[in-house]
Amino acid sequence: MSALPANAFDLLLGLGLIACAAGALLSRELFRAIVMFIVFGLLMALAWVRLRAPDIALAEAAIGAGLTGVLLLDTLGYLRRRFERPRPSPPSPPAAHTSAKEQTRS
């Protein structure tokens with residue numbers, strides 16, 4: 001009787017992994033794709049725990065989801081700052097002063 005809930009959890013975990021992978025690959029927004037990648041890494045770490053491999057689960061959580069996710073988010077922030085479209089500056093007011101040549105003529 002106790003095997004049924006574990007099998008259902010494993011099935012949900014597998015479906016969640018497939019959904020996160022598809023979401024990361026098919027997303028048009030980079031931020032959403034990175035978040036889906038991080039969630040995929042955390043679910044993968046949970047899958048490794050279910051397979052009784054805690055050392056691999058820790059490595060997946062720390063490197064796969066943690067470090068790689070932070071580096072991807074930092075890179076996205078850099079790219080957004082680097083290639084941000086410049087905002088049009090407000091038009092400058094017309095010059096109210098006269099030139100030095102016009103002042104000397106008067």
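Since this is a predicted model, take the numbers as computed values, not measurements. The figures that follow rest on heavy atoms only: side chains count, while hydrogens, waters and symmetry mates do not.
Minimum interatomic distance between Ala57 and Ala45 (heavy atoms only, all atoms of both residues): CB-O, 3.3 Å. Taking each heavy atom of Ala47 and Leu13 in turn, the nearest pair found is CA-CD2, 3.5 Å. When all heavy atoms of Ala33 and Ala24 are compared, the pair lying nearest together is CB-O, 3.5 Å. Closest approach of Phe37 to Gly64, counting heavy atoms only: CE2-O, 3.4 Å.
Here CG of Leu26 is found 10.0 Å from CE of Met36. Values are rounded to the nearest 0.5 Å. One distance of note links CZ of Arg81 with CG of Leu76; it measures 9.5 Å at 0.5 Å rounding.
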Pair Ile38-Leu73, side chain to side chain contact (heavy atoms under 4.5 Å, CB included): steps then yes or no: CA-CA 10 Å; Ile38 293 170; Leu73 286 173; 4.2 Å; yes

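Two residues are said to be in side-chain contact when any heavy atoms from C-beta on lie closer than 4.5 Å; Leu43 and Cys20 meet this criterion. Between Thr75 and Ile34 the shortest side-chain heavy-atom distance does not fall below 4.5 Å. Taking the side chain as every heavy atom from C-beta outward, Val35 and Phe31 approach each other to under 4.5 Å.
Placement of Tyr78 and Phe83 within a single hydrophobic cluster is found when ILVMFWY residues are connected by side-chain heavy-atom separations under 4.5 Å, directly or transitively. Cluster annotation: Val49 and Phe40 are assigned to distinct hydrophobic clusters (Ile/Leu/Val/Met/Phe/Trp/Tyr, side-chain heavy-atom contacts under 4.5 Å, transitive). The cluster map of Ile, Leu, Val, Met, Phe, Trp and Tyr, joined by side-chain heavy atoms under 4.5 Å apart, puts Leu17 and Phe9 in the same cluster. Both Ile56 and Leu51 are assigned to one and the same hydrophobic cluster, defined by single-linkage of ILVMFWY side chains at heavy-atom distances under 4.5 Å.
Proximity of a side-chain donor or acceptor of Thr68 to a complementary backbone N or O of Ile63 within less than 3.5 Å is detected.
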